[in-house]
Amino acid sequence: MNPGLNPSVAHNPGSHAFQPEVPWELPREKLIFKKKIGEGSFGEVWRAKVDGILGRRGKEIVAVKLLKDYYTPEEKRCLMKELRVMQTLQPHPNIISLLGCCSVTEPLCIVMEYAANGNLQDVLRKQRYTFLQNDLSNLEKRPKINLTARDLTIFTLHVSSGMQYISSRDLLHRDLAARNVLLDKDLVCKISDFGSARDIVEMREYETSANQKLPLRWMAPESLLSCIYSSHSDVWSFGVFLWEVVTLGSSPYPGMTSEQVMDFVQKGCRMAKPTHCSQSLYTLMTDCWHHFPPSRPSFATIHDRLTTLLEEEGDNMFVDQMSDNAYNILLNQSREKC
Ligand code: ACK
């Protein structure tokens, strides 16, 4: 196990030096933008330095999310919504923390905790080099960190702990996937990207806008068919996230188009067990993919089952035995999020 990689991080919300009583609004001139680290359809993420945030001394590295130069009122509304959701969350070790915002003047900025190792989808894909000794594509370079199969199970435990908290607050994430989990310098997973999150009450009035990209391969059948979202549909996505971890960041439903995926899932078919995945872990995945939403396990149950798997069964993913051409990586050019 890597130093600092600790399953118990997921149980220790008190470890966070956060002061919720401090107002969120930050003087914009305190932000020193350093480097653009990511770009989405309408937003950008920057690494920045900020002086004396939350009453702490000295300069601190943070991540700042903001709108691109040209944005629509709808895009601003979405980023504001993301900020509002983050403001309702208490600090949790497995959720990216809000540190402040600049919302009184334009452009709207969300200032967040910085996760030095980036998104988990890329981390997993880079691990193919370690596990398979095979540079599969130009995307993958020798990774900065070397993970073991046990570390990967611990990541799933971290994410289940964050999701347990989110569901306990009656919030739905609605876009849980490895690309939306960040890894910090201590190899702790942090759920991020609350752009699609909604609370359960609000969900009754919510409609997806027609031009929005959807994470089809992570969506439960009731969400695909009837736009119904609940904690049970987040659990479905968690099952797909488990599959992503086991297959080192492969795109779910390999070789299928989005139409084929929707048809496949709605007919009751499920992704097969990756040959290098333990039966117990696969059973947990398929339980998350139960057709009847209330029959899926809760995040608390998932957390308990993963803890037991880790303590009693040791390795659950024999990633070094993964067939390197069994799973492909879908290029992000379609109307779906991947
Ligand atoms: O792998 P990355 O560097 O990690 O690329 C994506 C990109 O922005 C688009 O989401 C990065 N990112 C987003 N939020 C953060 C954060 N809080 N800390 C570090 N990187 C972040 C993400």
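Whatever order the structure lists them in is the order used to number ligands and atoms, beginning at 1. Just so we're clear, the structure is a prediction, and the values are computed from it rather than from any experiment.
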Next on the checklist: Can you name the atoms of ligand 1, numbered from 1 with element, that are less than 4.0 Å from a heavy atom of N119?
Outcome noted: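 So the answer, numbered in order with elements, is 1 (O), 2 (P), 4 (O), 5 (O).
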
For [atom], grab the closest protein heavy atom and report residue, atom and distance to one decimal in Å.
| atom | value |
| --- | --- |
| atom 7 (C) of ligand 1 | G38 CA, 3.6 Å |
| atom 20 (N) of ligand 1 | I37 CD1, 3.5 Å |
| atom 15 (C) of ligand 1 | L182 CD1, 3.4 Å |
| atom 18 (N) of ligand 1 | A115 N, 2.9 Å |

Are [X] and [Y] close enough that a side-chain donor and a side-chain acceptor fall under 3.5 Å?
| X | Y | value |
| --- | --- | --- |
| S103 | R84 | no |
| S237 | D234 | no |
| S168 | Q164 | no |
| T153 | T156 | no |

May I ask you to check whether [X] has an N/O atom sitting below 3.5 Å from an N/O atom of ligand 1?
| X | value |
| --- | --- |
| G118 | no |
| E39 | no |
| Y114 | no |

Checklist entry - What part of V45 sits under 4.0 Å from ligand 1 if we count only heavy atoms: the side chain, the backbone, both or neither? => result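 V45 to ligand 1: side-chain contact only, backbone stays beyond 4.0 Å.
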
Item to check | E113, portion touching ligand 1 at heavy-atom distance under 4.0 Å | outcome: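 Near ligand 1, E113 shows its backbone, while the atoms from C-beta on stay back.
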
Checklist entry - Centre of W243's six-membered ring, under 6.0 Å away, within 45 degrees of the axis: is that where NZ or CZ of R217 sits? => result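 No, R217 and W243 do not form such a contact.
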
Checklist entry - Between K273 (side chain) and C277 (backbone), is there a donor-acceptor pair under 3.5 Å? => result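 Yes; judged by distance alone, with no hydrogens or angles, the pair exists.
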
Item to check | Of I302, L176, N180, the residue whose pairing with V159 passes side chain to side chain contact (heavy atoms under 4.5 Å, CB included) | outcome: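 That would be L176.
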
